[in-house]
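Each ligand, and each atom within it, is numbered from 1 in the order the structure gives.
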Amino acid sequence: MNDQQKTSVHLPFSDKYTDSHSQEYFQKHNEKKLSDRMEHRMAQRALALAGHPSSVLDLPCGTGRFWSMLAQDPKRELLAADYSEAMLEVARKTRDPALVGRFRLLQCSAFEITLPDDSVDCIFSIRLMHHIGESSNRVAMLREFHRVSRDTVVLSLWVNGNYKAWRRRKLEAARRQRGEKSDNRFIVPRAQFEQECRQAGFEVVGHVDFLPRLFMWRAYVLRKKSI
Ligand SMILES: C[S@@+](CC[C@H](N)C(=O)[O-])C[C@H]1O[C@@H](n2cnc3c(N)ncnc32)[C@H](O)[C@@H]1O
């Protein structure tokens, strides 16, 4: 995609990560020990499926929840980006300075990454795609990942085909009936998302589920299709 074809997407949920919300996000995840460990395990298995990439862009990095894991390989080149300067600031302040020093930090949107084409081996994107409700916006983000990654993408989102998704659909229907607004988090049918990945120029290498058939979180591993 050239610059003229590119349209910048801005989603209202992106503005909620203020100073206070960023602190709360850090605290909340710091306390959820078991689910945090399981999510790390899911991400680690997905990175292995991606071939243990030697350069990784963590986008959105949030408060740096995955930095220790990503930095376990001492030779890995590490970059981290987030739309929210407040989230980046919490990461800088709360993580070990030696760990922070391993990362090149950028403030930018995942729809408009301030890096040249083919900058990293892998884009690692945890807990962003489930906030994107429109198919055209998901494809726009995937296309931007395709531009910046040389090889793979690891990303997590909520998919259908499990107990939690079935339960959430019922809760969403009840919410709509009461006239309540969406909480800006969406379940995407697996087949539809995989089609969107292909549309953006990726093949699906595989996936890792948080807890198969029970939970909605799935990490996909995508590889750029050879032309
Ligand atoms: C649920 S948090 C996930 C952060 C981190 N990956 C984690 O799992 O802890 C969502 C993050 O997306 C960031 N964000 C929101 N809109 C964004 C955008 N358009 N581009 C990049 N980051 C965005 C927020 O600032 C926030 O840090």
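The shortest N or O to N or O distance between S14 and ligand 1 is below 3.5 Å. Taking any N or O of R65, backbone or side chain, at least one lies under 3.5 Å from an N or O belonging to ligand 1. Inclusion of F13 in the set of residues having an N or O under 3.5 Å from an N or O of ligand 1 is not warranted. On a distance-only criterion, E39 and ligand 1 share no N/O pair closer than 3.5 Å. At a 3.5 angstrom cut-off on N or O pairs, L59 does not count as close to ligand 1. The N/O atoms of S109, backbone and side chain alike, include one that comes under 3.5 Å of an N/O atom in ligand 1. For the pair D82 and ligand 1, the shortest N or O to N or O distance falls below 3.5 Å. At a 3.5 angstrom cut-off on N or O pairs, I126 counts as close to ligand 1.
Under the 4.5 Å side-chain criterion, counting only non-hydrogen atoms from C-beta, L222 is not in contact with E203.
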Practice task
Show your reasoning for whether side-chain contact (heavy atoms from CB on, under 4.5 Å) applies to S125 and F145.
Solution key: CA-CA 10 Å; S125 184; F145 287 178; 3.8 Å; yes
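Counting heavy atoms closer than 4.0 Å to ligand 1, residue Y17 contributes side-chain atoms (C-beta onward) but none from N, CA, C or O. When non-hydrogen atoms are compared, ligand 1 lies under 4.0 Å from the backbone of C108 (N, CA, C, O) but not from its side chain.
Note on ligand 1: G64 sits outside its first shell, no heavy atom being nearer than 4.0 Å.
Annotation for E180: atom CD counts as buried by contact number, over 12 foreign heavy atoms lying within 6.0 Å.
Under 3.5 Å, the side chains of D209 and W217 contain no donor-acceptor pair of N or O atoms. In this structure, a donor-acceptor pair under 3.5 Å is present between the side chains of S55 and R150.
Panel note: side chain R76, backbone P53; a donor-acceptor pair is recorded below 3.5 Å.
Within the structure, the ring-ring contact (aromatic ring centres under 6.0 Å, His included) test picks out the following pairs touching residues 32-56 (sequence neighbours left out): H40-F66.
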